Amino acid sequence: MTFFDCAGLNALLEARTSDRRGGGLTIRTMSPRVARVLELTDTRALLAPGH
């Protein structure tokens, strides 16, 4: 991934909400850009448990 911003983060958080309704979302690998955004927004534990 070459670009990741709040729109991408919102999409992942929305997908996580869908997870509670029977779907599933876990990020297993991520680019450094995605990791940095998740760290800065303190959402990494929500989306990538164990990373």
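Everything numeric in this text was worked out from a predicted model, so none of it was measured.
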Under the rule for side chain to side chain donor-acceptor pair (under 3.5 Å), what residues qualify as partners of T41, not counting sequence neighbours?
T43
Minimal heavy-atom distance between F4 and R33, with the atoms involved, is CD2-O, 4.5 Å
Residues M30 and L38: closest non-hydrogen pair is SD-CD1, 3.9 Å
Once you round to the nearest 0.5 Å, how far does CG of L47 lie from CG of L9?
7.0 Å
Once side-chain contact (heavy atoms from CB on, under 4.5 Å) is applied, do any residues pair with R36, and if so which ones, sequence neighbours excluded?
E39, L40
Could you report the tightest heavy-atom contact between R44 and A35, atom names first, then the distance?
NH1-CB, 3.6 Å
By side-chain contact (heavy atoms from CB on, under 4.5 Å) - contacts of D42 (at least two apart)
none
